[in-house]
Structures are given as structure tokens and as C-alpha cells.
There are 2 protein chains.
Amino acid sequence: MTSSSRTPTIKDVAARAAVSASTVSRAFSRPDMVAEAAYQRVMKAAEELGYQPNPLARSLALRRTGNVGLILPDIANPYFTPLVKQVQRRTRALGRSLLVADTDQSDVVENELAEALIPQVDGLIMASPRSHPEALRGFAARVPTVVVGFPVEGVRSVILRTRPQMTETLTRLKHLNHDQVAWLRGPREAAVADERDRFMRSAAEELGISLLEWGPMPIAQESGAAVVDELLESGATAAVAFNDQIAFGLVTELRHRGLGVPGDVSVIGIDDSILSRLCVPALTTIRVPIASGGLEALEALDAVMNLPERRIASLRPVHTVISSEIVDRATVAVRKVQR
Amino acid sequence: MTSSSRTPTIKDVAARAAVSASTVSRAFSRPDMVAEAAYQRVMKAAEELGYQPNPLARSLALRRTGNVGLILPDIANPYFTPLVKQVQRRTRALGRSLLVADTDQSDVVENELAEALIPQVDGLIMASPRSHPEALRGFAARVPTVVVGFPVEGVRSVILRTRPQMTETLTRLKHLNHDQVAWLRGPREAAVADERDRFMRSAAEELGISLLEWGPMPIAQESGAAVVDELLESGATAAVAFNDQIAFGLVTELRHRGLGVPGDVSVIGIDDSILSRLCVPALTTIRVPIASGGLEALEALDAVMNLPERRIASLRPVHTVISSEIVDRATVAVRKVQR
DNA sequence: TTGAAAGCGCTAACAG
DNA sequence: CTGTTAGCGCTTTCAA
């Protein structure tokens, strides 16, 4: 039998091509360092044997894996979906593999996953992490890490800035005569939620808008639907939600009650997830370019991952900023005149 | 300096615990084979050093990686989202890592990805693959593989059966006096699309329903929206769509035109993706338990992956079947009486 | 129960 | 340009 059942190794190829293992190795990684004749023989032998270099052995010897890890709170959340898609595509294009891990929105799980992933990856992308900054710095000290979403002291981050667009949103509402605006807050645990609370409050104050708050509330349509009664009583004529999902729930429930959107109430979401286009009428929202953020993070990692040895902490803690933009669709209108 | 910058290896622990590397290795993998005292010392040393066994080296020695690969057409498609989420969660619970790869619905890419993944995983899950059965058998010969969606000769598969529910759907429509039913077909390339075409045609024939077909059409809301004019002219009073996304587009466009759903037209989707609940009114649909299918596949893999040596082709080509069910929501009603 | 030694498959100096 | 040698970090006989 010529065809052994074992997967062929570099030695098999070497034997068949009558060269040493090193030469085979070189033929694959640095063809220019091997004589044409030898190269041909090696390739032929490899071909015949169906040889494929074992990436594991390669990683061990090289001390780098070529893998990148992506840790995120919820892979099923439409906000993150494009991130995963794009990063996975680009990772592949770079000749690497992507390990994804979903934390189920738990900081405890997040830590476990990071620990598990770190030894198997050359770089780590943490999208909207829930971990303490201190923990994040710990990860970054062990493997090149970049956080996507907000700045973390001492860690490379790609910041998705929404503040100007949130302010602008309130400004526009003001111009449309809305002076009582509802703010549907995000989940208690998320860092972005706090941040957005602050942005909204200070912008409202500056503009002399009275901000009526609900929440904290979990990220779910139901959250948006649940506030409708109170919101209608409150006198608010416009609402901004922590994200599209909550906004979607609000819009749907308002219409279900026979109210007009934007006729009776204007609604604005944040994220520009797929939901905002599915919403009827299409949701006006603030686009947060999470996918671009992920790609940016990946490029940063790729640069250091290509360095000769695996030097830890080689990623300088610079902070890149990507701006959001308002996507004006169909849920905002001038305040209805009293009758 | 006690704290070296290098990540500690098994040797460091061995030295600190004054035992051999073998003992440390055993302490971690087979604690019962090492004396209590030694065990304690090893654990203490490991703790102090912050030692974590290097999974790469482990894989190389063990000749298995502990990783499982998941290849699917489109990670951003809400139909697949729960699959990814559940499989990733369960994978993690099994102490393994998940490598996901998105083929962008291309069979060419699918093949490349499989090639790239195979050497790094102990098992492969191919969800709704586009590859030729021959190619799939090739993968399965190299690494334990299970296909989720439909049967593939010679490969372990988890079949998501929808036929009885499709027939039942038409039966119900018939009872509701619909005798002209529209069928919005899926994309040309997908194997399931053909299958569903056949199911619908034979069921319609049996029931004496006249089936009006549109498509093939891409999986997109627009596809559903685009057929509205023709559909209304055709006299069809009910429509079944290849999937929820197309059905969603249809419902939305119908209502946009001022038509009632289900008052004027009944609509049924397939999949029970998140979209069916987002739809207004909520979409009646056939639930395809893709997530369960993925989990089932994973369990099958896990069993063989735990086998001592990595034996290829160790997965018997049995075919498991998971049944769909009709989820009756709000888009089906009795046929409107002519006036 | 434990250690020494060989090996998993590949890479990287270092001579030649 | 090429072979030899010595690992990468861990597991696993095989003896003791």
C-alpha cells in the first residue's frame, strides 16, 4: 500500500523528496531560500502525499497561532451581527482564523472566556466589554488586545463616539418644538448606558429641554413597549431610546394603540441595526459603526501579530475615534399642535 | 524578581513544586494518579505562578485540538443566529472552542474554509452547506463531520424536516377556503429551495389547491415586497414564503398598500426567526429548529471527539430527524368573502 | 506513585 | 543552499 492512513508529516515529504525536513519547511515558508530543483521535488512530493503543514505544530514552534479572538456580549444581538460578519471575513482574508466567544452579557463569563482564549490567540478584540478596566488591562498585558466601544485607560481602544449626534438629535427635536423628551435608558450593567445617560442629561440641560427618564431597562422590545402608558401620560412628544431594539418596541406598541409615529410621538433609536430598517415606519436612528470599529481593531492587531516574536503588550494604548452619524428615516416630525 | 515576564510552563511549576514535569502533567489531567501531598504542592505552585497549561502544546501531544468548526452560509442571517449562539455556548460548556466561518453563501468559499478549518478542529458542523455531496463526503473522510439541514449520502446528518408541516399548512388554508395559494420560492442555488418547491407542489396537487409560483428569488425582504402587485392581480388569497424574511417583506408591503393581513391576504413564513415576532402582525410560520439541530450535531461530534486517538471517519453516517412545527400567530385567517 | 526519556510536527539558529 | 541540532510545552510509555 502506498497510501498510509496517517496524515503525512513533513518527514514523509522530506523522505520522498530526498531532502531534509528543514528544506521542506523552507520550501513552504521561504521558497526563495531553496534551490529551484529542490523546491520542485518538495512540492511534487507534497502534492503526491496530500501533505498540509500542521498548523498546530507550526504554532507551537513559532510561538504564535495566527488566530484572533473576538469576545462580545451577545452574538445574537443584531447590533453585533455585522461586526462578527465583517471581522470574520477580514480575518480570513488575512489568512487567520477567528475564535468567537459570547459572554451572555456576563462579566464573569467574559473573564473566563478571555482566560480560555488568550493562550490560543495572537490578538484579542473585546467588543463592548463588561469587565472592569483593571481586568482588561490584565488581558492586554498578556496578549495584544483592543477594546471596541469606549476608551479604557491603558488599553488600545476604538471609541465609537455618539455624543455629538446625541446632542444634535436633541437640538433637532428642539427645533421641531419638542420640549419634553423621553429618554429610555439602557441596562444597568453596561458602561455605555451610563455614558449615554450623562450625554442626554447634559445636552437636555443645555438646550432647556425637560428630559423624562425611564429605566434602567433591559435591551428588549418589551422594555420599549412597557413604558408607553406612562410616556403618553407624561406629556412627552418625542422619545430617544438607548438602542434600536427598545425604540422598535416603543414604535410598535404606540402604533398598536392607534397612535401615530411620528404624528403623535417622534421616536429615535441608537445603533442603526437591521431593526431600524425593519421598523414600520423606518426608524430614525444614530448609526454606531461597530463593524468599522471591529475592522479597525483587527488591523491594529494584524500589524503587531506579524511581528517576529510574540512580544506581549506590544500594542500601544492609543485611542482611535470613529464618529456616528444620524440616519434620518421616518419616525421624527414636528410636534403636533395642541387642539 | 520573582515574577518572570515569560508565561510559566509546566517546567516552572515542576521546579517550584520540586517534582517532575510528568507529575505536574498528571496532577492536572489525572489527579488520582498522584499522591495527595504532591498534588497539593503542584496546585499551590501553579497557583502562585499563575500557570495555565498551554492548549497548543497539549493538542500537539494529544493529537487533538479540542476545537470544533462551524461553517455556515451567513452568520448575519437571523435564521442562523440562534444556531451560532447555542452551539458556541454548548461548545464552551464542553470545554472546547468554536471556530466559526461564514461562507457568504458561496460553495467555493465553503470549500476553502473547510480546508482551512479541518486541520485545526476535531469536528466540523456544516449548516445548510452549499457544497456538492461529493465534497462533503471528502471532508467527512478527514474529520468527523455532521451536516445540519438535509440528508447527505454517506455523511452524518441532522435533518430538519418540514414536509409534514408544509402539507399541514396547505391543508389548513384549504379548510379556510383558500384555494388559490401563492408560493414565493427561495434562491436558486439552495438545495432546500428545490426541496420545498417539490413539497409545496405535491401537497397542493393532492389537496386540489392551485399553486401560483413566484421566484426563484433571493432571501431578502425586497423579494417579498416585489411580488405584491402580481400577487394581488393573480387572485391568490394566501401566500406561503420560502422563509420569514421574504414573508416579512410581503406582509409589510401589503399593509403599506392598505391591504389587511390576514384580512385580505393570509401569509405564512418558514423558519420562525426573530423576524416572525417582529412582524406586525406577528407572522404565522413553520418553526425550523436549527439551533436544536446544531446542538444535536455537536453532541454527536463530542462523542467521537472524546475517543482516545483521533480516528478519522469515525462518525457513522446516520441521519437524525428533527421535526418542525407550525407556530400559529396572527397572519392567517379565513378567506374573505367576495362582495 | 514517580521520573526519565521519547515524541507530537514544525521551525530556527548554526555550521558546512 | 542544505542538513544537523535543539527546542516549542505537554503527554505518555516504561522502569524503578
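Predicted model, so just to flag it, every value in this text is computed and none were measured. Order of the sequence lines sets the chain letters (A, B, ...), proteins ahead of strands, with each chain counted from 1.
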## Note on the structure
Here the ring pair (Phe, Tyr, Trp, His ring centres under 6.0 Å) pairs for residues 104-150 of chain A, sequence neighbours left out, are none
### Message
Side chains of Val109(B) and Asn111(B), heavy atoms from C-beta outward: is any pair under 4.5 Å?
### Response
no
### Query
Can you pull the contact range of chain A along DNA chain D, 5' to 3', using atoms under 4.0 angstrom from its heavy atoms?
dC1(D) to dG9(D)
Which donor-acceptor pairs under 3.5 Å do the side chains of residues 82-89 of chain B make with protein atoms, sequence neighbours left out?
residue, atom, partner, partner atom, Å
Lys85(B), NZ, Asp74(A), OD1, 2.7
Lys85(B), NZ, Asp102(A), OD1, 3.3
Lys85(B), NZ, Asp102(A), OD2, 3.0
Lys85(B), NZ, Asp104(A), OD1, 2.9
Gln88(B), NE2, Asp102(A), O, 3.4
Arg89(B), NE, Asp104(A), OD2, 3.0
Arg89(B), NH2, Asp104(A), OD1, 2.7
Arg89(B), NH2, Asp104(A), OD2, 3.0

### Task
Not counting sequence neighbours, which residues clear side-chain hydrogen bond (donor to acceptor under 3.5 Å, both in side chains) with Arg130(A)? List them please.
Gln105(A)
### Task
With axes from five pairs an end, tell me the bend angle of the helix from dT1(C)-dA16(D) to dG16(C)-dC1(D), nearest 10°.
40°
### Task
Could you pull out all residues at least two apart from Glu189(B) that satisfy side-chain hydrogen bond (donor to acceptor under 3.5 Å, both in side chains)?
none
### Message
Using the side-chain contact (heavy atoms from CB on, under 4.5 Å) criterion, which residues pair with Arg41(A)? Sequence neighbours excluded.
### Response
Ala17(A), Val19(A)
Scan the side chains in residues 25-37 of chain B for donor-acceptor partners under 3.5 Å anywhere in the protein, sequence neighbours excluded, and list what turns up.
residue, atom, partner, partner atom, Å
Ser29(B), OG, Ser25(B), O, 2.9
Glu36(B), OE2, Gln40(B), NE2, 2.7

### Task
Keeping to residues at least two apart or across chains, list the ring pair (Phe, Tyr, Trp, His ring centres under 6.0 Å) pairs with something in residues 68-127 of chain A.
none
### Task
Just jot down the side-chain hydrogen bond (donor to acceptor under 3.5 Å, both in side chains) partners of Ser97(A), sequence neighbours excluded, or say none.
Gln120(B)
May I have the list of side-chain donor-acceptor pairs in residues 44-52 of chain A shorter than 3.5 Å, sequence neighbours left out?
residue, atom, partner, partner atom, Å
Lys44(A), NZ, Glu48(A), OE2, 3.0
Glu48(A), OE1, Arg16(A), NH1, 2.0

## Note on the structure
Counting primed atoms, P, OP1 and OP2 as sugar-phosphate and everything else as base, the B/S/- map of nucleotides 5-11 of chain C against protein heavy atoms under 4.0 Å is B-BBBBS
